[in-house]
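Down below is the structure, laid out as structure tokens.
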Amino acid sequence: MDMERVMAEFWGQGYTIVEDALEPELFERLETASWNVWDKVRSGAVDPWGKGPEAGSIFGLLAPEFGEPVFGEHFLSPSLLRYVHEFLGTDLRLGYVHLRNASGAYDTGWHRDVVDSAEMSYQEEMEILNRPLRALRWQTAFTDDPCL
């Protein structure tokens, strides 16, 4: 782990890519659990928000209805927490986990989840991106996806 590189990339461009945030065994279990969740939603066995399988996203994966505790384990993974602690410190609150359907409608294009930066200068965007962090978002691709 080259934390200096990770931090420089994140603060310089608004994102970074790390290859070791999940242990291989945990990654495999998360991938299996993700497909299990999609199967449960598609079959109608679980539909916690009444949106059905066409929704494109499944939220609330920590809910017991899904029967996949590995999503909770993911939050406490030492390999993930070493990055989270570096960015946010150790006083943390649990967030949420959701799945995106790579083949579903997702038309937001490039975004950095802070503001609509299309009309901003680079300097204006960097000023926003370099504010103290209150949250951190991780993306893990289980399929080949050019966006991730």
Side-chain angles (χ1 to χ4, degrees), residues 1-117 125-126 128-148:
M1 166 178 61
D2 181 359
M3 191 57 75
E4 188 173 312
R5 176 196 60 82
V6 167
M7 298 301 276
E9 283 180 357
F10 182 83
W11 294 114
Q13 62 191 19
Y15 72 94
T16 187
I17 298 172
V18 296
E19 300 289 337
D20 61 349
L22 294 175
E23 299 89 350
E25 180 271 337
L26 181 58
F27 181 88
E28 291 172 12
R29 291 176 52 222
L30 283 166
E31 182 179 20
T32 298
S34 297
W35 291 113
N36 290 344
V37 165
W38 279 109
D39 289 344
K40 289 174 185 177
V41 170
R42 285 184 187 116
S43 72
V46 178
D47 189 9
W49 283 275
K51 294 182 180 179
E54 68 282 347
S57 289
I58 301 172
F59 291 88
L61 299 180
L62 299 175
E65 303 94 288
F66 288 114
E68 299 292 348
V70 69
F71 293 113
E73 294 171 36
H74 163 257
F75 274 109
L76 301 175
S77 166
S79 58
L80 178 64
L81 285 177
R82 66 183 172 201
Y83 288 104
V84 173
H85 288 160
E86 189 71 29
F87 281 96
L88 299 176
T90 58
D91 185 18
L92 304 172
R93 281 182 251 151
L94 185 62
Y96 65 92
V97 180
H98 75 275
L99 292 174
R100 290 272 328 135
N101 183 349
S103 63
Y106 190 66
D107 60 0
T108 61
W110 172 247
H111 61 91
R112 296 197 181 167
D113 300 320
V114 289
V115 295
D116 181 7
S117 61
E125 190 175 4
M126 288 299 111
I128 291 171
L129 289 172
N130 285 301
R131 290 177 183 165
L133 289 177
R134 294 180 304 147
L136 195 60
R137 177 175 289 182
W138 289 98
Q139 308 287 337
T140 305
F142 294 121
T143 60
D144 288 335
D145 181 337
C147 180
L148 298 175

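Please read all numbers here as calculations on a predicted model, not as lab measurements.
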So CD1 of I17 and CZ of R5: to nearest 0.5 Å the spacing works out to 8.5 Å
Could you tell me if the ring centre of F66 sits under 6.0 Å from that of F71? no
Rounded to the nearest 0.5 Å, the CZ atom of R42 sits from the CH2 atom of W35 at a distance of 6.5 Å
With sequence neighbours left out, the residues meeting side-chain contact (heavy atoms from CB on, under 4.5 Å) with N36 are T32, E68
CD (E28) and CG (L22) are apart, to the nearest 0.5 Å, by 11.5 Å
When rounded to the nearest 0.5 Å, the distance separating CZ of F75 from CG of L81 is 10.0 Å
When rounded to the nearest 0.5 Å, the distance separating CG of L62 from NE2 of H74 is 10.0 Å
Are any of the side-chain heavy atoms of V6 and W11 separated by less than 4.5 Å?
no
So CH2 of W38 and CD1 of I58: to nearest 0.5 Å the spacing works out to 4.0 Å
Sorted by chain and number, sequence neighbours left out, side-chain hydrogen bond (donor to acceptor under 3.5 Å, both in side chains) with E25 holds for R29
Sequence neighbours excluded, the answer for side-chain contact (heavy atoms from CB on, under 4.5 Å) partners of S79 is E23, S77, R82
Between L30 and L26, does a side-chain contact (heavy atoms from CB on, under 4.5 Å) hold up when you go through it step by step? CA-CA 6 Å; L30 283 166; L26 181 58; 4.1 Å; yes
Indicate the ring-plane relationship of F87 and F10, choosing parallel, tilted or perpendicular according to the 30° and 60° boundaries. perpendicular
